[in-house]
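To start, the structure itself, in structure tokens.
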Amino acid sequence: MSRPTRRTILTAAAATALSLGLPTTPAEAAESAAELPKLIPAPASLKSLPGKDFQLTARSSIAVLPAYGQPLAAAEMLAGVLRQSTGFALPVNRPSSGPKIVLTLGGPASLGQEGYELTATAHAVLIRARTAEGLFRGITTLRQLLPAKVEASSHQPGPWAVPSVRIADHPRFGWRGAMLDVSRHFFPVAAVKRYLDLISLYKINVLHLHLADDQGWRIVVDSWPRLATYGGSTQVGGGAGGYYTKRDYQDLVAYAAARFITIVPEIDSPGHTNAALASYAELNCDGVAPPLYTGTDVGFSSLCVAKPLTYKFLDDVVREIAEITPGAFYHLGGDEAHSTPHDDYVTFVDKLQPIVKAHGKRVIGWDEIGAASLLPGSYAQHWDPATGNQPGTEKARNAVAKGAKLVMSPASRAYLDMKYNKQTPLGLSWAGYVEVKDSYDWDPATIVSGLQESDIAGVEAPLWSETLVKIADIEFMAFPRLPGIAELGWSPAASHGWDAYKLRLAAQAPRWSVLGVNYYRSTQVPWPS
Ligand code: TNX
């Protein structure tokens, strides 16, 4: 990123002014005006332009070309955000005399599916992209270029300036995920929507929902109704649990899609299946249903690999979930199957994959699935905390050797459920403490040895919920770490650097305050007071 470099000899008065943060000379004033806006994720290219800032006013409007279809939906969503806080009418595609925001479909092929260009001058903000998705990502950037109070849900006083800039941007990786465990504790639709709103601000494009584990089955399957009604009737600690109806799930899928986020459903198997085994005795090898489980142990349950009924069950489950999932992937779990003998595990993964394929989905699983042969186009999710060549990292290389691409979620970096430090009241620490710098300061392509950039599909930040019961808990663990993972997924490796990042991160805090986000005030970050 380029920054104007100009040396000025300071007078004493100027030095005082400087220490107060005031512009000193006209040249200094120009230089501070040219300070780059603090964006997360950092765009691929960002340059200050000379000339006055753009000002959104009561006479501004939003213009879209073409004036129909998805670009119009993106424009209406932007107008919805801006009208609430500015109180301006901001008509869409009706002539007005003030400075305009213009959204256009088009631009060079190099922008790709999610890329965009944004040019802000005194006259207009122009966002150009080849897809509605690209326009949406550009709108996300525009929101960060406006003052933090633009995120408020009530009228705020202006001014509403956008610095004069030129941005050309596209993501490094196609998969930039967040995972939410709704099994250990159940989170209602409204909480998941809130999380979708927050992650979309950082250009996250996948929400992986961990829908079934030992402690709860959280989605209706009509052909096996007790999974939800009985298997979903409790959670860690013995509370009431809950589950999504198909309509709830479809509501979440649509809400996510409006933010260009794809929902990836996970039904963990063959381990982590106590809720299913408790719901149907016939799924157990011995025909006896275990009790529901409300503790936090892992690795004690397994589907019965030898029983044909197991695959009839999975065929029904995958079919019903695939029917209501427009995204390409079905996550079959596959982690910590400590009670499934190794040969059985491989047999199981071999048998489940064609079922997933038959229902039109591609497979993703935790990286243990590399023990089996993998169908072309499969992804494996690397979660072991090990780095470099350490034991544990071979699972990622195995999966790549089987033809899979990797979603990188190393627990020692990307797990949002790890405590920040010893004092953190929530979370676990089996993978160590993960402070904000730890979660940001790594490279998805090099954290495990022996991988190429092209082996990496992207990154994902999992949030397991053994200790989390409410949305404020989710927020506290995700913020401020989630924006860092989002940046690792989006921004070019060359833009990486903690010293600059921590300033950009600090600049997000006023936005979180306006949005009421319960974030952790890490001492590593120079928060504005
Ligand atoms: C390991 S990571 C698990 C989960 C736990 C998590 C807690 C992985 C694929 N499995 O079952 O919830 O640790 O951090």
Side-chain angles (χ1 to χ4, degrees), residues 177-187 206 208-218 235-237 241 264-277 293-303 329-340 345 348-349 363-371 379-387 392-393 395-396 398-399 404 406-420 424 426-434 438-439 447-448 459-469 473-474 476-478 481-482 485:
M179 188 212 82
L180 187 61
D181 172 7
V182 295
S183 177
R184 272 51 178 273
H185 282 99
F186 180 67
F187 294 95
V206 169
H208 163 187
L209 284 177
H210 186 77
L211 289 166
D213 210 303
D214 292 318
Q215 297 86 344
W217 185 287
R218 306 301 181 198
Q235 58 186 356
V236 167
V264 174
E266 178 187 357
I267 300 294
D268 208 343
S269 63
H272 292 275
T273 42
N274 188 77
L277 297 167
Y293 182 68
T294 61
T296 60
D297 287 347
V298 298
F300 60 87
S301 56
S302 180
L303 289 172
F329 282 90
Y330 171 92
H331 201 306
L332 59 73
D335 60 314
E336 299 177 316
H338 305 321
S339 324
T340 316
Y345 178 85
F348 178 86
V349 177
V363 165
I364 178 170
W366 301 103
D367 63 2
E368 286 99 320
I369 65 169
Y379 283 5
Q381 187 164 5
H382 173 66
W383 65 276
D384 199 286
T387 59
T393 59
K395 287 176 284 180
N398 283 345
L406 298 173
V407 172
M408 300 303 285
S409 305
S412 49
R413 305 299 190 139
Y415 268 32
L416 301 178
D417 65 312
M418 290 300 116
K419 290 176 183 289
Y420 295 96
T424 309
L426 302 167
L428 307 175
S429 57
W430 67 264
Y433 300 123
V434 180
D438 304 314
S439 65
I447 187 139
V448 168
V459 293
E460 189 173 296
L463 186 45
W464 302 97
S465 65
E466 286 92 337
T467 65
L468 313 178
V469 303
D473 299 343
I474 291 175
F476 187 77
M477 301 310 275
R481 289 180 292 197
L482 178 104
I485 306 294

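Throughout, numbering of the chain's residues begins at 1 and tracks the sequence. Order of listing sets the numbers, starting from 1, for every ligand and every atom in it.
For the residue pair Q235 and H185, no side-chain donor N or O sits within less than 3.5 Å of a side-chain acceptor on the partner.
With sequence neighbours left out, the ring-ring contact (aromatic ring centres under 6.0 Å, His included) criterion links F329 to W175, Y379. With sequence neighbours excluded, no residue forms a ring-ring contact (aromatic ring centres under 6.0 Å, His included) with Y433. By the salt bridge (charged side-chain N to carboxylate O under 4.0 Å, His left out) test, D473 pairs with K470, sequence neighbours left out.
For the pair K395 and W366, the cation does not sit on the ring face, since its NZ or CZ is not both under 6.0 Å from the ring centre and inside 45° of the axis.
Around ligand 1 you find R184, H272, V298, D335, E336, W366, W383, Y415, D417, M418, L428, W430, W464, E466, each with a heavy-atom distance below 4.0 Å.
A tilted orientation is assigned to the rings of Y415 and W464, their planes being inclined by 30° to 60°.
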